[in-house]
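Order of listing sets the numbers, starting from 1, for every ligand and every atom in it. Computed from heavy atoms alone, side chains included, the values below leave out hydrogens, waters and symmetry copies.
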Amino acid sequence: MRVLILGGDGYLGWATALRFSKQGHDVALVDNFLRRRMHLERGTDSLTPIHRLQERLEAWKEVTGKTITAFIGDLQEWEFTSRVIKEFRPEAIVHYGEIPSAPYSMIDVHHAVQVHQNNVNGTLHVLFAMRDYVPDCHLIKLGTMGEYGTPNIDIEEGWIEVEHNGRKDTVPFPKQPGSFYHLTKVHDSDNIIFACKIWGLKATDLNQGVVYGIDTPETVLDERLINRFDYDECFGTYLNRFVVQAVAGIPLTVYGKGGQTRGMLDIRDTLACVELAMMNPPKGGRMRVFNQLTETFSVMDVATLVQAQGAKLGLNVQIAHYENPRWELENHYYNPKHSKLIELGLQPHFLANTLVDSMIERVIQYQDRIIKDEIVPRIRWGSGDAETKVTIREYEPATEPIPASD
Ligand code: NAD
Ligand code: USQ
C-alpha cells in the first residue's frame, strides 16, 4: 500500500514509517522539523541523540535495503501539501504532523495561536487535497483522549446515542478538553466529520492516550535509527519524564494530588493500532473513532511503579507533590471504552511487564545528556476554580505526600 506519514520525523511518525517500510509498504514521509525547532526555542532536547533525517533514511536503506521518500515542507502551505498528495497519490495517510504539547499551547497567546494555526490549518489542507486528488484514500488521524476531558460518565468511542424529549439520535460524544492544544484536536475532529459528510471521505480518528516507551523492533536495528525521547516540561509525557527524573535523582514531579487518571499505551501498541486501522478501513461518509489506549493509570500509580522498579536497579526514587500548574481535576471518575481495536485483533503490551525496567536501563545509558534545569514545570494554566487555582510562586517539592481528599 502507498502510505504517507505526516510528521514522519517525530516520535510516533518515525517509528511508524520504519514499521510500515519493513512490512513492504511504499512509504513516504512529510515533516518540516518544527519539533526540532521548538526544542531549540525552549533550550531543551531529546534525551536520545537523534540523527539528521537524511542520515536516518540512509541508515535505514543501508540496514534493510528499503527506501523511504521524504518531502520536507509545512502542511500549513497549501501548494506544498496539495503537491505532495497529488504526486505520491497515497492510499492511506497517517497524520501525526501537529504540535502535540498541552503546556506549549498554554505558554501565552502567541503559542496558543501558533498551535491552533499549525494543527487546524494543516489538517484542513490535507482534507481538501484528499478531496481533490485522492478521494478514496483513508485518513488515519491522531486525535487524543484529552478531547473528552474527564466527564463523570463512561466515555464512548467517539459517538453516543442520546434520547432527548422522546427522540433519539447518535451524536459526537461531548468534548471538554483541558488545554488549547487539546482544543485543536476537537476542532480537527469537527472538520473531519464535516468533510466526510459532504465529500464522502474515509477517515478514522484515533483518540489516543498517553504514549510511553523508547524502542521499537525497527528503531533498535541501528543506533542511527534511534527514536526521539523527550522528558522536558513541554514535550515529555509523564511516565517518560518520571523515568528520567528517577535516573537523574530528581523527586518525581507529581502535579497536585496525583489522582489524575489517563489512558496509556506502549509505543509498540501505537504502531499496531495504526496498522489495524489502516488494514481495516471504514466506509466513506462518516468519521470512525477508536479510543486508542490499553490501560488506565493515575499519576500516583505510575510514580509508585517507577519508584518500585527503580529500587530494583538500586535507584533511591523520591516522589514529590508539586503545586499543579494545570487546570484539571485531581480526583475523578474515568472509564473510557476501548474495545474496538481489541476486536480488530490488538494484543496489548502491559506496563507491569518489564517495560519500566528496560526504559530505565536505556535512560541510564544516556544520563549524561539530561538537562536537569528543564524538568521542573514553569508553565501555568492561569487561575482556575477554587480546587485547581494556581498561585504564582517558585515550585518546591512538598516534604510529605499530600493525601487525596475527594
Ligand atoms: P512529535 O512532535 O514527535 O511529532 C510530530 C511531527 O510533526 C514533528 O516531527 C513535527 O516536526 C511535525 N510537524 C508538526 N507540524 C508540522 C507541519 N505543519 N508541517 C510538517 N510537519 C509538521 O509528536 P508525537 O508525540 O509523535 O505525536 C504525533 C501525533 O500524535 C500528534 O498529533 C499528537 O497530538 C498525537 N498524540 C501523541 C501522543 C503521545 O503521547 N506522544 C498521545 C496522543 C496523541
Ligand atoms: N503530569 C504530572 N507530572 C508531570 C507531567 C504530567 O503529574 O511531570 C500529569 C499532568 O498534570 C496530567 C497527566 O500527568 O494530569 C498527563 O500529562 P502528560 O503531560 O503526560 O500528557 P498530556 O499533557 O495529556 O499530553 C500527552 C501528549 C499529547 C496527547 C495526550 C493524550 O503530549 O500529545 O494528546 O498525552 S491524553 O492525555 O489522553 O489527552
Checklist line | Shortest protein contact, atom 29 (C) of ligand 1 (heavy atom only) | finding: Tyr96 O, 3.5 Å
Notebook entry, point to check: What's the shortest distance from atom 2 (O) of ligand 1 to any protein heavy atom, and which residue and atom give it?
Noted result: Arg35 NH1, 2.3 Å
Checklist line | Nearest neighbour in protein (non-hydrogen) for atom 35 (O) of ligand 2 | finding: Val210 CG2, 3.5 Å
Notebook entry, point to check: Heavy-atom distance under 4.5 Å between the side chains of Met264 and Leu239, does that happen here?
Noted result: yes
Note to self: Heavy-atom pairs closer than 4.0 Å: do any link ligand 2 to the side chain of Val299, the backbone, both, or neither?
What the structure shows: side chain
Next item on the list: Between Phe235 and ligand 2, find which residue part has any heavy-atom pair under 4.0 Å and reply side chain, backbone, both or neither.
Entry: neither
Notebook entry, point to check: Would one find an N or O of Gln245, backbone or side chain, under 3.5 Å from an N or O of ligand 2?
Noted result: no
Check: With His338, which of Asn207, Leu346, Asn291, Thr294 fulfils side-chain contact (heavy atoms from CB on, under 4.5 Å)?
Finding: Asn291
Next item on the list: Could you tell me the residue and atom name of the protein heavy atom closest to atom 37 (C) of ligand 1, and the distance to it rounded to 0.1 Å?
Entry: Gln208 NE2, 3.6 Å
Checklist line | Which of the ligand 1 atoms, numbered from 1, are nearer than 4.0 Å to a heavy atom of Leu142 | finding: 30 (O), 35 (C)
Notebook entry, point to check: Looking at side-chain heavy atoms only, is the closest gap between Arg36 and Ile50 below 4.5 Å?
Noted result: yes
Next item on the list: For ligand 2, note which part of Pro100 has a heavy atom under 4.0 Å away: side chain, backbone, both or neither.
Entry: both
Check: So which heavy atom in the protein is nearest atom 10 (C) of ligand 1, and how far is it from that ligand atom?
Finding: Asp31 OD1, 3.4 Å
Notebook entry, point to check: Heavy-atom contact under 4.0 Å between Gly73 and ligand 1?
Noted result: yes
Next item on the list: Return the residue, atom name and 0.1 Å-rounded distance of the protein heavy atom closest to atom 11 (O) of ligand 2.
Entry: Glu328 OE2, 2.6 Å
Notebook entry, point to check: With distance as the sole criterion, is a donor-acceptor pair present between the side chains of Gln208 and Thr270 under 3.5 Å?
Noted result: yes
